[in-house]
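To start, the structure under review is shown below, and the notes come after it.
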Amino acid sequence: MLELELRGEYIELDKLLKAVGLVESGGRARVLIAAGEVRVDGQVELRKTAKMRAGQVVEFGGQQVRVLARAGG
């Protein structure tokens, strides 16, 4: 499982997929999200800019990404 530490309170879903390298661009991420290929906490998520917060798990392409709180925050 991949992990992403937040820099702020949240990260938008399309930006998260790009940040961890699961997609090559934000545009590609938005297409895949709209197509229903991304799950958040086990549920299909169609909102491209859904706010991902600490504790959530994003699934795409056989990979899982756990969102972690900012260290010291």
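Everything numeric here is computed off the predicted structure, so don't read it as measured data.
Comment: Asp14 does not engage Lys48 in a salt bridge, judged by the lack of any side-chain N to carboxylate O separation of less than 4.0 angstrom.
Using a 4.5 Å heavy-atom threshold, the side chains of Leu32 and Leu22 count as separate. In this structure, Glu9 and Arg53 have side chains that are in contact, with non-hydrogen atoms separated by less than 4.5 Å. When side chains are defined from C-beta on, Leu2 counts as touching Gln63, because their heavy atoms get closer than 4.5 Å.
Of all heavy-atom pairs between Arg70 and Glu5, the closest is CA-CG, 3.8 Å. A pairwise comparison of heavy atoms in Glu3 and Leu68 identifies OE1-CD1, 3.5 Å as the closest pair. The two residues Ala69 and Ala54 come nearest to each other via the heavy atoms N-CB, 3.6 Å. A pairwise comparison of heavy atoms in Met52 and Leu6 identifies O-CD2, 4.0 Å as the closest pair. Between Leu4 and Ala19, the shortest heavy-atom contact is CD1-CB, 4.5 Å.
Here the NZ atom belonging to Lys18 is positioned 10.0 Å from the CZ atom belonging to Arg30, to the nearest 0.5 angstrom. Atom OH of Tyr10 sits about 9.0 Å away from atom OG1 of Thr49, to the nearest 0.5 Å. A distance of 13.0 Å separates CD1 in Ile11 from NZ in Lys51, rounded to the nearest 0.5 Å.
Screening Val44, Val58, Val57 against Arg39 for a side-chain contact (heavy atoms from CB on, under 4.5 Å) leaves a single residue, Val44. When each of Val20, Val65, Val40, Leu17 is tested with Phe60 by the rule side-chain contact (heavy atoms from CB on, under 4.5 Å), just one qualifies, namely Leu17.
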